[in-house]
Engineer: 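Have a look at the structure that comes next, please.
Quick caveat: nothing in here was measured; it's all calculated off a predicted structure.
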Amino acid sequence: MTAPRAFLGMSHSPLLGLNPISAEVEQSLNAAVAQARQQVLAFDPELIVLVGPDHYNGFFNELMPPFCIGSAATSVGDYLTPPGELNVATDAALALATRLMDDDFDIALSRRMQVDHGFSQALQFLWGGLDTPPVVPIFLNAVAQPGIARLRRCRQLGQAIGRFLDGLPQRTLLIGSGGLSHEPPVPTLAHPDPAIRERITIKREPTQAERAAKTQRVMDAGMALAAGDSSMKPLNPDWDKRYMDALEHGQLDALVQWTEDSIEQEAGLSAHESKTWLVARAALPQAPLRCTLRHYQAVPELIAGYGVLFMQTA
């Protein structure tokens with residue numbers, strides 16, 4: 001009998017608390033986060049496996065792995081998230097990396113991982129900060145083509161993590177912290193400005209002015225999307241529903257048949273972040289599980305199809 005496991009799929013948005021949203025939308029969102037917090041704390045995890053993306057704060061095009069485990073990690077504290085060290089379960093992280101390599105799953109390892117709101121916001125919302133149970137952080141590249149892992153490979157990673165957890169006695173919470181449909185102004189190497197291409201290629205610490213300018217740029221993009229005068233791809237609640245349905249009902253065989261092009265065309269360039277949910281969900285049994293929380297709302301001001309999904313094995 002393996003120890004109980006729980007899955008939490010949870011969107012993030014750097015604009016939460018920055019861009020204004022209606023009182024009704026905010027109340028609904030806060031209620032969903034509060035429910036997630038309540039259920040996670042009731043589950044009382046002894047170990048967290050947190051799968052998250054990065055937005056050119058820790059990983060850059062000069063060396064961009066599809067996946068990377070951190071044996072130590074520090075939050076940069078972007079937007080309104082807390083800076084500082086994550087409570088990384090170093091031994092468990094190294095043991096997982098070793099097991100994956102033994103199972104012929106090549107995985108990158110960072111001894112000094114740097115993470116942003118894609119990791120820290122979930123911890124902040126659930127525990128109030130970075131003082132959490134021990135966590136194994138796993139980065140997933142969701143922005144830099146062609147090295148974005150395909151759906152099948154994400155599922156395989158989740159299944160391999162699940163086999164590793166079979167040998168551990170801890171109650172484990174697996175968090176997929178990624179957006180669903182959304183296409184924020186994240187630059188790519190196709191950008192015409194060489195300075196911007198350089199900024200997303202070479203790792204360096206941005207100045208306060210640069211970080212403030214980036215924050216304002218993203219805030220403006222959210223308000224433009226909400227006003228309907230944006231060139232960004234709109235949110236796609238139908239796609240988000242189908243994705244959440246597949247995870248909730250254990251329809252992973254069908255989900256991994258979706259094409260990579262369809263993700264970007266229907267849900268946006270940054271919808272690859274949803275693969276963090278798939279990795280985390282695949283570490284639990286594929287059969288439908290007890291789902292005690294499912295919430296979704298499209299919030300263009302936050303550039304987020306914002307979803308929350310919580311399930312557990314026992």
Side-chain angles (χ1 to χ4, degrees), residues 1-13 16 24-52 118-119 121-129 132-136 138 154-155 158-159 161-162 165-166 168-181 237-255 273-299 302 304-314:
M1 178 70 71
T2 59
R5 285 176 216 167
F7 159 77
L8 175 66
M10 192 174 196
S11 298
H12 61 252
S13 170
L16 277 162
E24 181 181 2
V25 169
E26 184 175 18
Q27 183 178 16
S28 178
L29 227 165
N30 288 343
V33 172
Q35 281 184 274
R37 182 187 311 115
Q38 180 183 34
Q39 295 191 22
V40 164
L41 296 182
F43 178 72
D44 191 22
E46 299 168 293
L47 179 68
I48 304 163
V49 176
L50 173 55
V51 188
F119 285 78
Q121 190 176 86
L123 300 177
Q124 178 185 27
F125 283 3
L126 296 171
W127 282 278
T132 71
V135 58
V136 175
I138 303 177
C154 292
R155 181 193 188 183
Q159 291 172 326
I161 293 170
L165 294 175
D166 287 342
L168 298 186
Q170 294 102 321
R171 282 186 311 282
T172 302
L173 171 67
L174 293 112
I175 302 176
S177 170
L180 297 171
S181 66
D238 178 67
W239 189 93
D240 297 338
K241 178 183 182 299
R242 288 187 283 119
Y243 198 90
M244 293 179 72
D245 284 346
L247 296 183
E248 179 182 355
H249 301 300
Q251 298 166 342
L252 305 189
D253 292 340
L255 177 58
E273 288 186 2
S274 65
K275 293 172 179 175
T276 62
W277 291 41
L278 175 58
V279 173
R281 172 64 179 88
L284 278 70
Q286 179 169 326
L289 303 171
R290 182 164 60 98
C291 179
T292 54
L293 174 59
R294 175 169 172 162
H295 174 86
Y296 177 80
Q297 59 191 123
V299 192
L302 305 181
Y306 197 94
V308 183
L309 189 63
F310 185 77
M311 298 181 289
Q312 58 188 92
T313 59

Engineer: Measuring from atom CD1 of Ile48 to atom OG1 of Thr132, what distance do you get when rounded to the nearest 0.5 angstrom?
Structural biologist: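 It comes to 4.5 Å.
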Engineer: Scan residues 170-180 for pairs that pass side chain to side chain donor-acceptor pair (under 3.5 Å), counting only residues two or more places apart or in two chains.
Structural biologist: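 Counting only pairs at least two positions apart or across chains, the side chain to side chain donor-acceptor pair (under 3.5 Å) contacts touching residues 170-180 are His12-Ser177, Asp44-Arg171.
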Engineer: Show, in sequence, the C-alpha distance, side-chain angles and deciding distance for Arg155 and Gln286, and conclude whether the side chain to side chain contact (heavy atoms under 4.5 Å, CB included) test is met.
Structural biologist: CA-CA 10 Å; Arg155 181 193 188 183; Gln286 179 169 326; 2.4 Å; yes
Engineer: Can you sort out the partners of Gln27 under side chain to side chain contact (heavy atoms under 4.5 Å, CB included), two or more places apart, ordered by chain and number?
Structural biologist: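 Gln27 satisfies side chain to side chain contact (heavy atoms under 4.5 Å, CB included) with no other residue.
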Engineer: With rounding to the nearest 0.5 Å, note down the distance linking OH in Tyr306 to OH in Tyr296.
Structural biologist: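 Here the interatomic distance stands at 12.5 Å.
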Engineer: Is the backbone N or O of Thr292 less than 3.5 Å from a side-chain atom of Gln39, with the two atoms forming a donor-acceptor pair by type?
Structural biologist: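 Judged by distance alone, yes, a pair lies under 3.5 Å.
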Engineer: How long is the gap from OG1 on Thr313 to CZ on Phe43, to the nearest 0.5 Å?
Structural biologist: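 With rounding to 0.5 Å, OG1 (Thr313) is 6.0 Å from CZ (Phe43).
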Engineer: Would Leu165 and Leu174 count as a side chain to side chain contact (heavy atoms under 4.5 Å, CB included) here? Give the steps.
Structural biologist: CA-CA 11 Å; Leu165 294 175; Leu174 293 112; 4.0 Å; yes
Engineer: For a 4.5 angstrom cut-off between non-hydrogen side-chain atoms, does Trp127 reach Leu41?
Structural biologist: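 Trp127 reaches Leu41 side chain to side chain.
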Engineer: To check you understand the geometry: which heavy-atom pair defines the closest contact between Cys291 and Leu309, and what is its length?
Structural biologist: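 That closest heavy-atom pairing would be SG-CD1, 3.7 Å.
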Engineer: Holding to side chain to side chain donor-acceptor pair (under 3.5 Å), I want the full list of residues that pass it with Asn30, two or more places apart in sequence or in another chain.
Structural biologist: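 Residues passing side chain to side chain donor-acceptor pair (under 3.5 Å) with Asn30: none at all.
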Engineer: Checking the side chain of Ser181 only, and the main-chain atoms of Asp240 only, is there a donor and an acceptor separated by less than 3.5 Å?
Structural biologist: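 Answer holds: no.
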Engineer: Got a second to check how far Ser11's OG is from Met244's CE, nearest 0.5 Å?
Structural biologist: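 Output value for this atom pair is 7.5 Å.
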Engineer: Out of the candidates Arg294, Arg290, Arg281, Lys241, only one should pair with Glu248 under the salt bridge (Lys or Arg N to Asp or Glu O under 4.0 Å) rule; please name it.
Structural biologist: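 Option passing the salt bridge (Lys or Arg N to Asp or Glu O under 4.0 Å) with Glu248: Arg294.
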Engineer: Would the distance check show the side chain of Thr276 and the main-chain N or O of Glu273 forming a donor-acceptor pair, the cut-off being under 3.5 Å?
Structural biologist: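 It does hold such a pair.
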Engineer: How far apart are the C-alpha atoms of Phe119 and Ile175, what are their side-chain angles, what is the distance that settles it, and do they pass the side chain to side chain contact (heavy atoms under 4.5 Å, CB included) test?
Structural biologist: CA-CA 9 Å; Phe119 285 78; Ile175 302 176; over 6 Å; no
Engineer: State the CG-CG distance between Leu16 and Leu302, to the nearest 0.5 angstrom.
Structural biologist: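 It is 5.0 Å, given to the nearest 0.5 Å.
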Engineer: From Leu47 CG over to Arg5 CZ, what is the distance, rounded to the nearest 0.5 angstrom?
Structural biologist: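 Interatomic distance, Leu47 CG to Arg5 CZ, rounded to 0.5 Å: 10.5 Å.
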